[in-house]
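As structure tokens, the structure follows; a few thoughts come after it.
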Amino acid sequence: KDSSEKKHKDKEKTKHKDGSSEKHKDKHKDKDKEKRKEEKVGASVGDTRECSVFPPRSKDEPDDDGFYVPPKEDSKPLKRPREDDDKDKKVPEGDKKKKPKKEEEQKWKWWEEERYPEGIKWKFLEHKGPVFAPPYEPLPENVKFYYDGKVMKLSTKAEEVATFFAKMLDHEYTTKEIFRKNFFKDWRKEMTSEEKSTITNLSKCDFTHMSQYFKAQSEARKQMSKEEKQKIKDENERLLKEYGYCVMDNHKERIANFKIEPPGLFRGRGNHPKMGMLKRRIMPEDIIINCSKDSKIPAPPPGHKWKEVRHDNKVTWLVSWTENIQGSIKYIMLNPSSRIKGEKDWQKYETARRLKKCVDKIRNQYREDWKSKEMKVRQRAVALYFIDKLALRAGNEKEEGETADTVGCCSLRVEHIKLHPELDGQEYVVEFDFLGKDSIRYYNKVPVEKRVFKNLQLFMENKQPEDDLFDRLNTSILNKHLQDLMEGLTAKVFRTYNASITLQQQLKELTNPDDNIPAKILSYNRANRAVAILCNHQRAPPKTFEKSMMNLQSKIDAKKEQLADARRELKSAKADAKVRRDEKSKKTVESKKKAVQRIEEQLMKLEVQATDREENKQIALGTSKLNYLDPRISVAWCKKWGIPIEKIYNKTQREKFAWAIDMAEEDYEF
DNA sequence: CCCGTGACTTAGCAGATAGGGG
DNA sequence: CCCCTATCTGCTAAGTCACGGG
């Protein structure tokens, strides 16, 4: 005990050493307070960021368009020259909007400005409120619903809910017992008393006619003329223009989800106990609006009122409501390209980089803790080892019966692991098999250190399969401990850290300087894939996978034949040239040579594509790219090897990572 | 310390869209 | 130019984590 207490004290000491100079921080905080009083915006010099030298935001007014152009002064000389300032504009890129005006929009570089003091998210916020789901349109008279073989006209409310079911008829979950039970129970609540007394058995309900009608409708939608499609597109654009943006602190920012979720049947992931329940229609009376006091407050639809209008600048959301399935709160927030999301994202990677600096110490620490006299400490240390080594999620406890039965590290149960003292020639293998987030299966056989193995045996002693593996541990205990090891450290920082560091290492290892661009991109994708595997980011193999693979293979075969032909032609041209010895035939040889080269390159490209796709069958790269990989690593890699950034990031991704694209140089190190 | 709540990030899937080949 | 598929985007569920009150 003694020694462990000592260690604890040491830990405390190191914390302060590690904590990026507490004193300084406090000073800055004080400064922040002062500035806040002075009504100056964004006065924080909060942390180690380079941007702290930049001038504070200035309040300027919108121009006539209502579009907010960042102040000119902001673009005065910076300490870092940026030769690629206007690169983005030159990039032709998919959006062939006929409005040249859009492209001229100056991109605001929020990352060159100072941040707000901790806790304050904005000074001014104005928006138009949410867009509600379109009202229900009753079915035409000729679309029938049958109960027990007889036509039955449903009340509007009951009909609406019935259509939700009818639209899902082809889906297998309409056959699931829980789904049907939940649906039927909620449907009956919407029925009139007569309907309720008649419709007592879901199996006697015949939705097929309704279902056919919807299929015909969607078919008709596909067959619409160009003009009609354009009309819909225009309408969507209008909606986006009006409701899709807000003004936050002098800047027009894109909103992520300005449309309220329409009513429908809840489809949880995996074996969800609430699947099939009715997700009710959200009304203005459910909606809380958040905006500035001095902004133009959005008007509720005629004849309606908001539940509440508040002015809370300690939060980032514009609109919220409570959803009826889990009783959780849903929000309307800004797009990832916005300042408010981008800053947070940047900060996340900075925290992970701070972990990089002390991860060795932390690893030594938890290895020591495997020997602790205290069970609690040992469990914590083994759990942390899993989180670090295997990139497991923290694993909060969940309310039973409310959600699908899934687990993370701290909530692992005895039944989720198997211990093999020896397996396939390896010692001390732990076999993991459990459902994680989104009911994605985690299956892995991992050789672990002997001490870990012995500890696991100990933790499992005298326990039932359904008992918690770490019975003295939860995420709160773990995170409190992590907080002591490093300021801002939580379980998920390890995922971010390990993902990003793995990408960086893999890129170093896999990139061959002599490769051409497609081959280098394959290497990038492989590095990305290593991360996706680490984080267990899976996807269902695309429905058309086999077919598309076959297509690609036949393309390759065709290309091979083409190559063979070209080679034959080259050969005969050479022979011809040897005989004739004239200029013309020499030229022919040259052009044939070129043709062969071209085809070889094309073939290579196709083969690379095939490899890439095959290796990617069940792996989703997007999630790690978007949420775990410090974008500056990728940007630096692109700059180093002369790979156009568009090969790595699509338009949305480039918008989200604009800060990284702008600031990372080729020598960036995570 | 426990528990519920709130805010925010992370997740896979399905439908929309675009772009390359015939 | 059109079609068909590969990729992108929108959607919303499902996590993480902090906080406050008892």
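Letters go in sequence order (proteins before strands), and every chain restarts at 1.
Residue contacts for A:Lys437: at a heavy-atom cut-off of 4.0 Å it reaches a base atom on one of the strands shown. Nucleic acid contact class of A:Asn396 (heavy atoms, under 4.0 Å, all strands): base. When heavy atoms are screened at a 4.0 angstrom cut-off, A:Gly622 is found touching no nucleic acid atom at all. Within 4.0 Å of A:Arg539, counting heavy atoms only, lie sugar-phosphate atoms of the nucleic acid but no base atom. Within 4.0 Å of A:Arg254, counting heavy atoms only, lie sugar-phosphate atoms of the nucleic acid but no base atom. Residue-level contact check: A:Tyr628 touches the backbone only, with heavy atoms under 4.0 Å from sugar-phosphate atoms and none from bases. Residue A:Thr403 is out of contact with every strand shown, counting any heavy-atom pair closer than 4.0 Å. Contacts of A:Thr475 with the nucleic acid, taken as non-hydrogen atoms under 4.0 Å apart, are absent. Within 4.0 Å (heavy atoms only), A:Gly408 reaches no atom of the nucleic acid at all. Nucleic acid contact class of A:Ala540 (heavy atoms, under 4.0 Å, all strands): sugar-phosphate only. At a threshold of 4.0 angstrom between heavy atoms, the contacts of A:Lys279 are confined to the sugar-phosphate backbone, with no base atom among them. Contact annotation for A:Ala404: no contact, since no heavy-atom pair falls under 4.0 Å across all strands. As judged by a 4.0 angstrom heavy-atom cut-off over every strand, A:Pro336 is placed among residues making no nucleic acid contact.
Contact of the A:Met486 side chain with the A:Thr351 side chain is registered, since non-hydrogen atoms from C-beta on lie closer than 4.5 Å.
Salt bridge annotation for A:Lys330-A:Glu261: present, with a cationic side-chain nitrogen under 4.0 angstrom from a carboxylate oxygen. Using a 4.0 Å cut-off between charged side-chain N and carboxylate O, A:Arg281 and A:Glu160 make a salt bridge. Using a cut-off of 4.0 Å between Lys/Arg side-chain N and Asp/Glu carboxylate O, A:Arg310 and A:Glu308 are scored as salt-bridged.
In terms of position on DNA chain B, the residue among A:Lys492 and A:Asn236 whose nearest nucleotide sits closer to the 5' end is A:Lys492. The residue among A:Thr322 and A:Lys341 whose nearest nucleotide of DNA chain B lies closer to the 5′ end is A:Thr322.
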